[in-house]
2 protein chains.
Amino acid sequence: MDRERLSSRVEDYLEAILQLSETPQGARTGEIARLMDVQPSTVSTALKSLNEQGLVDYTPYDAVTLTPDGRRVAEEIAGRHVALRRFLMEVLGLDPEDAEPVACGMEHDATPLVAERMTLLADFFRQHPGMMAKWLVARQEARGNGLPGVESSLDELPQGVRALVLSIDVEGALRRRLVEMGVTPGVLITVERVAPLGDPIAVEVRGYRLSMRKAEAANIRVRWRPGLA
Amino acid sequence: MDRERLSSRVEDYLEAILQLSETPQGARTGEIARLMDVQPSTVSTALKSLNEQGLVDYTPYDAVTLTPDGRRVAEEIAGRHVALRRFLMEVLGLDPEDAEPVACGMEHDATPLVAERMTLLADFFRQHPGMMAKWLVARQEARGNGLPGVESSLDELPQGVRALVLSIDVEGALRRRLVEMGVTPGVLITVERVAPLGDPIAVEVRGYRLSMRKAEAANIRVRWRPGLA
DNA sequence: TGGTATTGTTTGACGGTTCAAACTTTTTGA
DNA sequence: TCAAAAAGTTTGAACCGTCAAACAATACCA
Ligand SMILES: [Mn+2]
Ligand SMILES: [Mn+2]
Ligand SMILES: [Mn+2]
Ligand SMILES: [Mn+2]
């Protein structure tokens with residue numbers, strides 16, 4: 001029962017297979033190779049070994065599937081992967097592209113307790129937007145990005161000034177809509193253009209341009225440096 | 001200049017050498033082997049390779065030293081190691097024995113930004129004891145350890161009840177003394193014995209027994225479950 | 001249905017990390 | 001001072017994860 005600790009590479013193969021086994025084609029050698037950035041021949045070799053270890057069911061030329069043992073491991077690792085990534089992005093404020101490889105490296109060393117606590121901390125900050133806002137400010141100030149800075153709601157942000165989203169002070173459908181558009185605490189936002197009558201406004205966030213009502217923008221707290229164009 | 005990314009094993013050797021080079025004997029093969037839990041012959045092999053990569057200066061049978069390049073890498077990794085460990089212990093509440101191996105594994109995947117933000121978050125919680133206390137409660141409640149719970153100062157904690165240290169509400173020498181004794185936010189503490197006249201009291205924390213004045217204990221906020229012996 | 005394009009496998013080789021065993025150098029202390 | 005003990009090294013072998021090249025099976029389509 002007490003199998004030898006699996007190498008991080010083996011854990012990654014299982015994670016990839018889990019992910020692909022949820023697609024219609026199942027987990028095929030070529031796809032695994034693409035996902036893991038290795039040659040197909042490497043995958044063939046790995047699958048044979050995984051099969052011998054009882055972690056996958058593998059018949060050459062067929063899609064591979066996880067055994068119950070393999071699935072257990074894969075789900076454990078995939079769970080840690082998402083916990084790590086969420087923590088890195090939501091709490092530490094990393095970009096998705098930076099968070100992804102770090103999460104996939106650290107997942108092999110994180111214990112279940114570590115992953116659990118990271119998720120808990122991300123939940124904690126979600127439940128306490130005031131604290132999250134303070135933490136975001138501390139982050140911003142630590143970066144020289146920031147200096148003093150001024151706080152306001154988004155509808156009061158001058159055109160062209162980059163601002164840090166501190167919180168979204170509204171619940172329900174509107175909040176969900178904003179979050180879907182990528183407006184979340186910690187991201188940088190800019191008002192690009194205000195319509196002639198002052199409404200709607202066009203904002204830029206994470207490289208996307210989107211438009212919203214002034215009344216909606218009033219629910220978003222932001223922090224920015226006055227003075228700079 | 002743009003040397004190939006170093007393996008985590010190479011980074012660990014450099015970290016160990018840095019640590020040992022601060023001892024009077026310097027970094028000797030046998031000590032490196034003990035620290036890294038490998039055979040001396042393995043270390044000899046590694047040192048030869050490290051020497052060829054220009055990371056250490058190594059003459060057989062002599063203590064090895066870091067080159068400027070090697071020292072740069074070693075200090076970078078050692079810095080991440082302590083940042084990770086501090087974060088895992090202070091923020092996530094892991095025991096030192098649990099935090100150590102996790103930190104030494106994750107240090108190889110953490111980017112400088114990740115380490116910096118983790119340190120910043122630990123600093124942030126230190127500067128905001130009220131938030132730290134709330135986070136500690138969230139942690140405790142998530143564990144089923146906890147359930148509702150009651151808050152008081154340590155001098156009001158009944159004998160034999162395990163309590164969570166929330167904060168130390170005093171500055172200066174007394175605070176430092178308590179921290180040195182291992183009384184820090186997040187640890188579990190028990191009052192073992194109260195002297196006949198109610199002062200001093202004997203407390204147990206992290207497996208150590210120590211005694212303190214009631215007046216001192218009054219500065220420590222704790223949280224515990226009433227009812228249980 | 002047969003031939004070609006695509007996909008996958010086998011094999012041999014290489015670099016990296018480790019060990020055990022045999023060997024060498026250095027240290028120690030009588 | 002020198003022999004035994006301790007510390008360190010060399011060597012050969014193993015295992016892992018990877019690749020390229022040659023080969024095999026399967027899928028597709030005319
Ligand atoms: Mn991974
Ligand atoms: Mn992963
Ligand atoms: Mn390490
Ligand atoms: Mn380390």
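Note that this is a predicted model, so its numbers are computed, not measured. Every heavy atom of this structure was used, including side-chain atoms; hydrogens, water molecules and symmetry mates were not. Sequence lines set the chain letters: A, B, ... in the order given, protein chains first and strands last, and positions in each chain run from 1.
- A:Phe125 has its ring centre no less than 6.0 Å from the ring centre of B:Phe124.
- Heavy atoms from other residues, nucleotides or ligands lying under 6.0 Å from CZ of A:Arg86 number more than 12.
- The nucleotide whose nearest atom lies closest to any side-chain atom of B:Thr45 is, among C:dT7, D:dT9, C:dT18, C:dT18.
- Taking atom CG of residue B:Leu14 and atom P of nucleotide C:dT17, one finds them 11 Å apart after rounding to whole Å.
- Regarding A:Leu20, its CG atom lies at a distance of 11 Å from the P atom of C:dG8, rounded to whole Å.
- Here C:dT10 is the nucleotide among C:dT10, D:dT18, C:dC19 with the atom lying nearest to any side-chain atom of A:Ser41.
- Here C:dT18 is the nucleotide among C:dT18, C:dT7, D:dT18 with the atom lying nearest to any side-chain atom of B:Arg9.
- Between the CD atom of A:Gln39 and the C1' atom of C:dT10 there is a distance of 15 Å, given to the nearest Å.
- With D:dG8, C:dA20, C:dT9 as the choices, the nucleotide that has an atom nearest any side-chain atom of B:Tyr61 turns out to be D:dG8.
- Of the side-chain N and O atoms in B:Ser44, one or more sit less than 4.0 angstrom from OP1 or OP2 of D:dT9.
- Under 4.0 angstrom from either OP1 or OP2 of D:dT18 there lies at least one side-chain N or O belonging to A:Tyr13.
- Nucleotide C:dT7 holds its P atom 12 Å from the CD atom of A:Gln25, rounded to whole Å.
- Residue A:Leu47 contributes atom CG, which lies 16 Å from atom C1' of D:dC16 at whole-angstrom precision.
- At the phosphate of D:dA7, neither OP1 nor OP2 sits under 4.0 Å from any side-chain N or O atom of B:Arg28.
- Side-chain contact, B:Thr184 with B:Arg206: a donor N or O sits under 3.5 Å from an acceptor N or O.
- Among the nucleotides D:dT18, D:dA20, C:dT10, the one closest to the side chain of A:Lys48 is C:dT10.
- Distances from the side chain of A:Tyr58 to the nucleotides D:dT9, C:dT9, D:dG17 place C:dT9 closest.
- Using a 4.5 Å heavy-atom threshold, the side chains of A:Val56 and A:Leu14 count as touching.
- Closest approach to the B:Thr29 side chain among D:dA20, D:dG8, C:dT9 is made by D:dG8 (side chain taken as heavy atoms from C-beta onward).
- Here D:dC19 presents its P atom at 10 Å from CE of A:Met36, a figure rounded to the nearest Å.
- Among the atoms of the strands shown, only primed sugar atoms or phosphate atoms (P, OP1, OP2) are found under 4.0 Å from some heavy atom of A:Ser7.
- Rounded to an integer number of Å, the gap from CD of A:Glu11 to C1' of D:dC16 is 15 Å.
- Looking only at side-chain heavy atoms (C-beta outward), B:Gln25 and B:Glu31 stay at 4.5 Å or farther from each other.
- As rounded to whole Å, 16 Å separates atom P of C:dT6 from atom CD of A:Glu31.
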